[in-house]
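Below is one structure; the comments refer to it alone.
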Amino acid sequence: MLEYSMLYPRESVSRRAKRLDGIWKFQLDPAGKGKAAGWANGLPSPDWIPVPSSFSDLYTDKQTREYAGDFWYETQFVIPADWEGREIGVRFGCATHRASVYLNGRIAATHEGGFLPFCARITSLARYGEENRLAVCVNNELSETTLPCGRTVELAGGRKINKPYFDFFNYSGLQRPVYLTALPRESIFDFTLCPRLEGTDAEVDYEIVTTGEHPVEIEVRDASGALAASAKGKRGTLHIPHARLWRVRDAYLYQFTMRIAGENGVIDEYSEPAGIRTVEVRGEDILLNGEPVYLKGFGKHEDSDTVGRSFSPAVMKRDFELMKWVGANSFRTSHYPYSEEILQAADREGFLVVDEVAAVGMFESLMNFMEASTGKQTAFFEKPTTAALLENHLRALEELITRDKNHASVILWSLFNEPETTHAAAAPYFETVFRRAHELDAQKRPRTFALIMNSLPHTCQCYQFSDVVSLNRYYGWYVLGGNEIEEAEAAFRKELDAWKELGLRKPFLFTEYGTDTAPGIHKLPSAMWSEEYQLEYLKMNHRVFDSYPFVRGEQVWNFADFMTSEGILRMDGNKKGIFTRQRQPKAAAFYFKERWESLPSGFKGGNG
Ligand code: BDP
C-alpha cells in the first residue's frame with residue numbers, strides 16, 4: 001500500500017483543501033548546488049512563475065526552454081491556527097519528473113515519476129497560525145531506469161540536455177494543481193468499488209480503508225439526491241435496485257459518501273461521484289455492461305500553446321466539445337496518466353478511456369517511430385538497469401491503479417507504449433507488469449499495450465499477455481507512403497491476415513495510425529503532408545479495419561498537433577492531428593464526423 005492517500009482533495013464537513021496555485025518563485029539550478037546551499041530556506045535570486053504550468057514555452061531563450069536538471073519553486077502560505085491537531089499535507093497533482101519537497105527548510109517528501117499525484121505530509125513540520133515556506137526542487141532528467149525513458153547528456157561546456165526516446169516535448173515542472181489539505185487524524189485513506197449486475201439491479205462490492213478503528217458507513221445517492229443504497233462496515237456489498245447504468249456517451253453518476261462515525265458525530269466524511277458499469281473482454285468482444293462496444297476516438301496528449309503540458313480547464317473543455325462534435329466515444333491517455341480532472345470529465349461525459357502508464361521509450365532510439373519499421377531491435381529489457389526500471393514501472397502502476405480504479409470511464413489499462421518486444425528477455429518483464437496490474441485492480445479490467453511496427457505476429461514475444469491486442473501502425477506513412485499506398489494496403493492486409501492466422505480470439509484495437517499533415521496544404525492529386533493525403537490514407541486504413549471483424553476500435557494518431565523535440569522529421573512538432581494545436585479542424589475532422597456518426601449502431605456487434 002502507498003504511504004499517502006491518493007484520494008482527490010475534496011472538501012467535506014471534516015476536510016479542508018485549499019488551492020495553492022498562483023504565482024510562485026522559480027529558479028533554475030544548473031550546477032545542482034541548491035540542496036547543499038540551503039535553497040530550501042529561500043531562493044537566492046528567483047524569477048516568478050505561474051503554478052501550474054510547464055516552464056519551457058514561457059521563456060524566450062533556448063537554454064531555459066530546453067533546460068535539463070534541477071529547478072526550484074517556492075511559495076509561502078499561512079496554515080490556520082485551528083488546523084493544529086489535524087493531518088496536514090501538500091498535495092501535488094504531479095511534479096515532472098521527480099521532486100523533493102521542503103517545508104520551512106526541512107525535507108518533507110520525495111517522489112519519483114512525473115504524471116501521478118503525491119502528498120507531502122507536513123503535520124510535524126508545519127507552523128500553525130503563521131507563515132510557512134514551501135520549497136520544491138524538481139528535476140526533469142531522463143534515464144533508462146525511470147519513466148518515461150531517455151538519456152540526459154552533458155555537453156562539453158557542462159550544459160545538460162535531454163534526449164527523449166519518445167516523440168513529445170519533455171515539458172516539465174509543477175504542471176497540475178497543488179493543494180494544502182487538512183484531514184482529521186483518523187481518516188478515510190482509500191476506497192474501492194467493484195460493480196456487478198444482477199438483472200436490472202447492481203451489486204457494488206466495496207472496501208474502505210481508514211487510518212483508525214471507528215466504524216464506517218457508506219451511502220449512495222442518485223442524481224436527484226435520493227438514497228439508493230447504504231451499508232455499514234469497511235467492506236461489504238451495496239445493493240442498488242433498478243440501477244441506472246453508466247453507458248457510452250450516456251453517463252449517469254451516483255454520489256458515494258463514506259463516513260467514519262465517532263462517539264461525538266462524524267470523524268471524517270469523503271464523497272465521490274462514480275458510475276456503475278461492468279467491463280470485460282469475451283472472445284473478440286469488448287463488453288460494457290455485457291454489450292459489445294466499438295471504440296472510436298483518439299490517442300491524445302496533454303499539450304497546447306504556451307501552457308505546454310500544464311492542466312488547463314479551458315483546453316480540457318474544448319477537447320471534450322470537439323470529441324463530442326466529431327462523434328468519438330473514447331481516447332487513450334497516451335503516453336502518461338492525465339490530470340485527474342480529465343478522467344472526472346470522461347466519467348461525466350461517458351467517454352471510454354484507455355489509461356496508460358508513462359512506460360514509453362522502452363525502445364532505445366531517438367526516432368523509434370521511424371526506426372521500428374526498419375526492423376531495428378534494441379534488447380531493451382536485457383540491460384543491467386532493467387531491474388531498477390521494473391521497480392519504477394511497478395510503483396507507477398500501483399499509483400495509477402490506486403488513483404484511477406474507481407473511474408467508470410477507465411475500461412482498459414495500457415501498460416506500455418511501443419516497447420521492444422522481439423527479444424525473449426522482454427517476456428518475463430511483461431509477465432510481471434501484466435500480473436501486477438491484475439493484482440492491483442479489484443475490477444480486473446482488461447490490460448493491453450501498444451505494439452510498435454516491428455512487433456509482428458512472428459516477431460513479438462509479448463502479445464500473449466494482452467487481453468486486447470493494440471497496434472500502432474503506419475502503413476502508408478512511415479512504410480510505403482504516398483504513391484505506394486496500394487502496396488501499403490497490401491502489406492497491411494498481409495500483416496492482419498497473419499494475426500488472423502494465429503487465431504487469438506481477442507479483440508484488436510488500433511491505438512495509432514495517422515499521417516503528418518500541414519493544415520492548409522492542398523494538393524490535387526494528393527501528396528504526402530497535404531490534407532488530401534491524410535484523407536486518402538485514413539480511408540485506406542478504415543477499409544482495412546472494416547474488413548477484419550476482430551478489429552474493435554480505432555483511435556487515430558493524434559487528436560491534435562502537438563509539440564515534440566526539434567528534428568528533421570518534425571516541423572514545429574508532430575502534425576498528425578485531426579485538429580490543429582489551436583483546436584481547429586483539418587479536413588479529416590469532417591470526414592471522421594461523417595464516418596463515426598454513420599457507423600451503424602450494431603457495427604461489429606457493437607452499440608458504441
Ligand atoms: C509512435 C509513437 C508516438 C509518435 C507516433 C508518430 O507511439 O508517440 O508520436 O508514432 O510517429 O511511434 O507520430
Side-chain angles (χ1 to χ4, degrees), residues 115 142 147-150 162-171 297-303 309 331-338 354-378 380 414-422 448-456 460 469-481 488 492 509-519 528-529 533-534 537-538 541 554-581 586 588:
F115 302 98
L142 301 173
L147 278 57
C149 295
N162 278 319
K163 299 262 183 192
Y165 297 169
F166 49 86
D167 185 37
F168 49 92
F169 191 81
N170 187 42
Y171 287 116
F298 303 97
K300 288 185 94 264
H301 267 297
E302 285 185 281
D303 172 281
R309 183 141 297 118
F331 61 91
R332 175 170 64 126
T333 72
S334 39
H335 293 307
Y336 37 79
Y338 288 1
V354 181
D355 201 0
E356 189 157 280
V357 70
V360 56
M362 295 183 177
F363 184 101
E364 192 184 331
S365 166
L366 302 179
M367 287 195 298
N368 51 15
F369 47 89
M370 268 297 286
E371 292 177 322
S373 45
T374 65
K376 173 173 172 159
Q377 301 186 324
T378 70
F380 199 82
S414 172
L415 307 182
F416 302 78
N417 180 70
E418 297 198 339
E420 168 68 73
T421 65
T422 58
T448 193
F449 74 99
L451 277 78
I452 196 167
M453 283 286 288
N454 73 349
S455 294
L456 295 162
C460 179
V469 179
S470 298
L471 301 179
N472 291 357
R473 291 296 179 266
Y474 290 93
Y475 292 99
W477 185 250
Y478 293 121
V479 184
L480 303 167
F492 197 1
L509 173 63
F510 280 93
T511 33
E512 287 185 28
Y513 61 106
T515 62
D516 285 275
T517 304
M528 293 173 81
W529 291 86
Y533 187 71
Q534 189 175 34
Y537 167 95
L538 291 169
N541 273 256
E554 53 196 57
Q555 294 187 324
V556 65
W557 193 250
N558 188 286
F559 170 75
D561 294 345
F562 59 91
M563 195 44 65
T564 63
S565 306
E566 60 193 335
I568 52 168
L569 286 157
R570 295 288 176 259
M571 204 271 298
D572 191 27
N574 186 309
K575 296 289 180 199
K576 294 195 185 67
I578 299 308
F579 297 93
T580 64
R581 201 176 188 217
K586 298 183 190 172

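Side chains included, hydrogens not; waters and symmetry mates left out as well; all remaining heavy atoms used. What you see is a predicted model; the values in this text were computed from it and never measured. For ligands, and for the atoms within them, numbers begin at 1 and follow the listed sequence.
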Quiz item: What do we get for Trp557 next to ligand 1 when only non-hydrogen atoms under 4.0 Å count, side chain, backbone, both or neither?
Solution: side chain
Self-check item: Interfacing atoms of ligand 1 (cut-off 4.0 Å, heavy-atom, Glu418)
Solution: 1 (C), 2 (C), 7 (O), 12 (O)
Practice problem: Examine the proximity of ligand 1 to Tyr474 and report which part, side chain or backbone, both or neither, has a heavy atom under 4.0 Å away. | Solution: side chain
Quiz prompt | Atoms of ligand 1 close to Phe562 [distance to a heavy atom under 4.0 angstrom, numbered from 1] | solution = 9 (O)
Quiz item: Does the distance from a Lys or Arg side-chain N to an Asp or Glu carboxylate O, for Arg332 and Glu512, drop under 4.0 Å?
Solution: yes
Quiz item: Between Tyr474, Trp477, Phe510, Tyr513, which is the residue that forms a ring pair (Phe, Tyr, Trp, His ring centres under 6.0 Å) with Phe492?
Solution: Phe510
Quiz item: What part of Asn472, side chain, backbone, both or neither, has a heavy atom within less than 4.0 angstrom of ligand 1?
Solution: side chain
Quiz item: Atoms of ligand 1 less than 4.0 Å from Arg570 heavy atoms?
Solution: 6 (C), 11 (O), 13 (O)
Self-check item: Smallest separation among heavy atoms of Asp561 and Arg581, with atom names
Solution: O-CG, 3.4 Å
Quiz prompt | Contacts of Asn558 that satisfy side chain to side chain contact (heavy atoms under 4.5 Å, CB included) - sequence neighbours left out | solution = His301, Phe562
Quiz item: Only one of Lys576, His335, Arg570 clears side-chain hydrogen bond (donor to acceptor under 3.5 Å, both in side chains) with Asp167; which?
Solution: Arg570
Exercise. Within a distance under 4.0 Å of any heavy atom of Tyr478, pick out the atoms of ligand 1 and give their elements.
Key: 6 (C), 11 (O), 13 (O)
Quiz item: Looking at Leu142 and Asn162, what are the two nearest heavy atoms and their distance?
Solution: N-OD1, 3.3 Å
Quiz item: For ligand 1, which part of Asn417 has a heavy atom less than 4.0 Å away: the side chain, the backbone, both, or neither?
Solution: side chain
Quiz item: Measuring from Phe380:CZ to Phe363:CZ, what's the distance to the nearest 0.5 Å?
Solution: 10.5 Å
Quiz item: Given that the side chain starts at C-beta and the backbone is N, CA, C, O, which of these parts of Asn558 lies under 4.0 Å from ligand 1, counting heavy atoms, or is it both or neither?
Solution: neither
